[in-house]
Protein chains: 2
Amino acid sequence: MHSPHKWRHRFRANVSRWTVPREIILDFLSRTSKHMSAKEIYASLYRMYPGIGLTTVYRTLDLLVRIGLINKLTFGDGPSRYEFKSEKKNEHHHHLLCTKCGRIIDYNDFMGEELKLTKKTEETLAKKYNFKVQDHNIEFYGLCEKCQ
Amino acid sequence: MHSPHKWRHRFRANVSRWTVPREIILDFLSRTSKHMSAKEIYASLYRMYPGIGLTTVYRTLDLLVRIGLINKLTFGDGPSRYEFKSEKKNEHHHHLLCTKCGRIIDYNDFMGEELKLTKKTEETLAKKYNFKVQDHNIEFYGLCEKCQ
DNA sequence: AATGGTAATGAAAACCATTATCATTAATAA
DNA sequence: TTATTAATGATAATGGTTTTCATTACCATT
């Protein structure tokens, strides 16, 4: 299923070496759908690979974001969270955040409408402010099932 | 123009006292359209009111967010920024962020379309996940005029 | 106006996520 | 196999924010 060196060429292309810590971090992220903080990732990996350092986790996450294999999510307070970026085009999604318990829900409804709106907005902003849009983010805040 | 105790009743309603630090912080924010960090606000006020403490600035900003008079903006890394929330309904806006220089641009184009999309999304999410939406946020990332 | 109860203040220390430093280790080109 | 040099991991440092606590000052009640 998971060929061990699936992503090796992506590293090579970025003048980066293929190392054990990088492989296990990326493999770990590719197998979970959770949105985890650096510390949580570190704690999870530490059991199987006690030699790993938190610093390396931070550096690797940073590299993976630069390469474009994962997303970094920063929701207001608290630590940044990371999620694996799926190859599948139709898995583009946004987040629903519970303001009480911090729960994060992925949703991908209305992506068609959203795309229409963002495309239109991007064009207008480009003209009006001479701003070159690279990416966008949409999130909803509220109360999840358990918290209301 | 600015009655000095314009917001006093808002504090009372929240069982909070009307104090000098709170007044000058709120007054300062109401007069600027910039998105300032706690430290920047502190530095600006320190000149006119050297007795003020950074801690009080943080605490007051937190209170003002709770009361609903200002917005707290958290853009990835760096300090949180704060903006005065205008009373005028038509001044609802979102942000355009330059990923290179950090510049923030307010825009309020397509609010009609946005409202349509968010309303629809909120209804669906409420049904599908039993999630009660309270607020939303949209932001675009890219390069500003100077940085591209 | 004076008093007293208590919330608010400010200086300092603590906290927490993240980054920098640096000696050691290991990936890879030769 | 070796040499080069990027990557690692322990530790210290950093920066934003929060906590602690003794002091101050709002403001409801006299």
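Sequence lines set the chain letters: A, B, ... in the order given, protein chains first and strands last, and positions in each chain run from 1.
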Less than 4.5 Å apart, side chain to side chain, heavy atoms only: is that true for [X] and [Y]?
X: B:Leu125; Y: A:Phe140; result: yes
X: A:Leu64; Y: A:Arg22; result: no
X: B:Ile105; Y: A:Phe131; result: yes

> Roughly how far, to the nearest 0.5 Å, is the CZ atom of A:Phe28 from the OH atom of A:Tyr49?
Replying inline: 15.5 Å
> In Å and rounded to the nearest 0.5 Å, what is the OG1 to CG distance from A:Thr118 to B:Leu117?
Replying inline: 9.0 Å
Value in whole Å for how far the [atom2] atom of [N] lies from [atom1] of [X]:
X: B:Glu40; N: D:dG16; atom1: CD; atom2: C1'; result: 13 Å
X: A:Arg22; N: D:dT8; atom1: CZ; atom2: C1'; result: 9 Å
X: A:Ile24; N: D:dG9; atom1: CD1; atom2: C1'; result: 13 Å
X: B:Leu73; N: D:dT17; atom1: CG; atom2: C1'; result: 17 Å

> Any donor and acceptor pair, going by atom type alone, linking the side chain of B:Thr56 with main-chain N or O of B:Ile52 inside 3.5 Å?
Replying inline: no
> With no hydrogens and no angle check, is any side-chain donor or acceptor of B:Ser16 less than 3.5 Å from a backbone partner on B:Asn14?
Replying inline: yes
Nucleotide N/O of nucleotides 26-30 of chain D paired with protein N/O under 3.5 Å:
{"unit_1": "D:dC26", "atom_1": "O2", "unit_2": "B:Arg17", "atom_2": "NH1", "d": "3.1"}
{"unit_1": "D:dC27", "atom_1": "OP1", "unit_2": "B:Trp18", "atom_2": "N", "d": "2.8"}
{"unit_1": "D:dC27", "atom_1": "OP2", "unit_2": "B:Arg8", "atom_2": "NH2", "d": "3.1"}

> Going by atom types alone, do A:Tyr42 and A:Glu40 pair a side-chain donor with an acceptor below 3.5 Å?
Replying inline: no
>> Students often get this wrong, so: under 4.0 angstrom with heavy atoms, is A:Ser80 touching a base, only sugar-phosphate, or nothing?
In response: sugar-phosphate
>> Under 4.0 Å from a heavy atom of chain A: give me the 5'-most and 3'-most nucleotides of DNA chain C that qualify.
In response: C:dA17 to C:dT28
> Hey, any chance A:Met36 and A:Leu69 share a hydrophobic cluster, counting ILVMFWY side chains that come within less than 4.5 Å of each other, even indirectly?
Replying inline: yes
> Do any of residues 50-66 of chain A sit with a heavy atom less than 4.0 Å from DNA chain D, and if so which?
Replying inline: A:Gly51, A:Ile52, A:Gly53, A:Thr55, A:Thr56, A:Arg59
>> In this structure, is the centre-to-centre distance between the rings of A:His136 and A:His94 below 6.0 Å?
In response: yes
> B:Tyr107 and B:His95: aromatic ring centres closer than 6.0 Å?
Replying inline: no
